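Read through the structure below, which is laid out as structure tokens, and then see the notes.
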Amino acid sequence: MSYDLIMVGGGIAGSALAAVMAKAGKSVLVLEKSEKYEDRVRGEWIAPWGVAETQRLGLYDVLMNAGGHHITSHITYDESLPPETCEAAAQSLGVLPDVPGPLCIGHPHHCQTLYNEAAKSGAVCKRPVVVQSVTLGDNPSVTYLHEGETFTDHADLIVGAEGRQSTVRKVAGIELHQDPPHHWFAGLLVEGVEGIDDTLQTIGTEDNFGFLAFPQGGDKVRVYGGYALEERGKFNGEEGAKRFLESFKFRSAPKNAAIANGKPAGPLFSYFNNDSWTDEPFADGAVLIGDAAGWNDPINGLGLSITYRDVRIVSDILKATSQGEKPDFSSYAEERFERMRRLRFAGQLQATLDMEFGEEARVRRHAYHERRATDPTVGMHGIAILAGPEAVPEEFFTEDHRQFVLQGAN
């Protein structure tokens, strides 16, 4: 068979692009390796700028109808500050017009919703499949195994949307750059969290642990915890999830007790926090989107927002390309490179502030919080995370600004 597009990967990136392009009249094949989407502790938080991208793509209502849940306010706790002081400084997350705040939706359900939308929109969707080979160049094709048969299908363009270990990226010879890991990050879905405000997200740092908590609606909360690289086995073993939840009992955030008293509703996974990027996420016959094209440090929580921006830009280019012509993805590469550079900068600052521990780190955070209260420019990297990297002037992504933000500890 021959198609306009073959999506290698039917998760959020591949299914979203498939749905958009099928609605635009293109013939699309989606190849997804899993038989069922599972909770692998992926992001379930879409920043306001990412929500705006879902609106531009026509997918926002699809997500809301599937149970999307908005968070509208934020509190940062810290061991150097009284809880009352932090709560009095709660921030509104309605930083963009027509976007109440970040949007949360469970990752497996999110994937399945978009996969269904792609099929409903006219894409041919197959799962589970095993991709055996990818050929690029003038006559792109994918050979794969599905339901006991081997198929080779051709397309004008192969889209690599299969995540960090992308086969399409490797076949295309696209180099993946990575910086060293900063710390460990563990995630868990918790249920039975009673008495919380499910429109309020919180983060905080105390002793040797940093946390993030994102309500999913009702009594469920997706929580993350950061800890030092040398504490590799901190939450290993049968009692790992219990020890992880116990870590949320902060003196500086007493309401976290509700989280600590909840019950695990999924697996606990730990992974490195670091950044990865590509210089040009395309080659002859292929383009990469989502994590296949490189990812931002998960401390920023921007994986989904980056993905939806990728889908929107790539779909705009494809729609503007005349039949029989090859799409020009150079503008996508240029925008993505700068976007990831700025978000890498923001993530490095956030990791230094929230996921480093000890007395020096505590003093640095306290100085940061005091200065930000009177000088909003100190926290401009936070605006980039919420409103988009392009919402902040270029001068806030320089080494001089990094030193300015962190100078309170010197």
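Residues: numbered from 1 along the sequence shown. Quick note: numbers below take in every heavy atom, side chains included, and nothing from hydrogens, waters or symmetry partners. The structure presented is a predicted model; accordingly, all values stated were derived computationally and were not measured.
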| Are the side chain of Asp291 and the backbone N or O of Arg164 linked by a donor-acceptor pair below 3.5 Å? | no
| said: For Glu360, is there an ion pair with Arg365 - N to carboxylate O distance below 4.0 angstrom? | reply: no
| query | Hey, are His74 and Gln201 close enough side-chain-wise for a donor-acceptor pair under 3.5 Å? | reply | yes
| task | State plainly whether the residues Arg243 and Glu246 are in salt-bridge range, i.e. N to O under 4.0 Å. | result | no
| query | Can you tell me if Gln350 and His381 form a side-chain donor-acceptor pair at under 3.5 Å? | reply | yes
| query | So, for Gly11 and Cys111, which heavy atoms are closest and what is the spacing to 0.1 Å? | reply | CA-SG, 4.3 Å
| request: Using side chain to side chain donor-acceptor pair (under 3.5 Å) as the criterion, list what pairs up with Glu370, not counting sequence neighbours. | output: His366
| request: Could you tell me whether the side chains of Asp78 and Thr205 share a donor-acceptor contact shorter than 3.5 Å? | output: no
| task | Identify the two heavy atoms, one from Asp328 and one from Ser330, that lie closest to each other, and give their separation to 0.1 Å. | result | OD1-OG, 2.8 Å
| message | Under a 3.5 Å cutoff, is there a donor and acceptor pairing between the side chains of Thr72 and His70? | response | no
| Restricting to pairs with a member in residues 83-92, which pass side chain to side chain donor-acceptor pair (under 3.5 Å), not counting sequence neighbours? | Tyr77-Glu87
| Over 12 non-hydrogen atoms of neighbours within 6.0 angstrom of CD in Glu35 | no
| What residues form a ring pair (Phe, Tyr, Trp, His ring centres under 6.0 Å) with Phe337, not counting sequence neighbours? | none
Please tabulate, one pair per line, all N/O donor-acceptor pairs under 3.5 Å involving side-chain atoms of residues 254-271, not counting sequence neighbours.
from: Asn256; atom 1: ND2; to: Phe248; atom 2: O; distance (Å): 3.1
from: Asn261; atom 1: ND2; to: Ala257; atom 2: O; distance (Å): 3.1
from: Ser270; atom 1: OG; to: Tyr227; atom 2: OH; distance (Å): 2.8

| message | Quick check: do Val223 and Phe244 have side-chain heavy atoms less than 4.5 Å from each other? | response | yes
| task | Verify the distance criterion only: is there a donor paired with an acceptor across the side chains of Asn300 and Asn296 at less than 3.5 Å? | result | yes
| field | Pairs meeting criterion salt bridge (Lys or Arg N to Asp or Glu O under 4.0 Å) with involvement of residues 117-136, two or more places apart | value | Lys23-Glu117
| said: So does Asp279 get a backbone contact from the side chain of Glu175, meaning a donor-acceptor N/O pair under 3.5 Å? | reply: no
| request: For Phe329, enumerate each residue passing the ring pair (Phe, Tyr, Trp, His ring centres under 6.0 Å) test, keeping only those at least two apart in sequence or located in another chain. | output: none
| Ser252 versus Glu79, side-chain donor and acceptor atoms under 3.5 Å | no
| request: Verify, without hydrogens or angle tests, whether Ser166 (side chain) and Glu162 (backbone) share a donor-acceptor contact under 3.5 angstrom. | output: no
| query | Parallel, tilted or perpendicular: which fits the ring planes of His183 and Phe185, with parallel below 30° and perpendicular above 60°? | reply | perpendicular
| message | Classify the ring geometry of Trp45 against Phe214: parallel below 30°, tilted from 30° to 60°, perpendicular beyond 60°. | response | tilted
| Near Glu394 CD, under 6.0 Å, is it more than 12 heavy atoms from other residues, nucleotides or ligands? | no
| query | Would you say the side-chain atoms of Ser276 pair up with the backbone N or O of His177, donor to acceptor, closer than 3.5 Å? | reply | yes
| Residue Lys33 excluded, over 12 heavy atoms near NZ under 6.0 Å | no
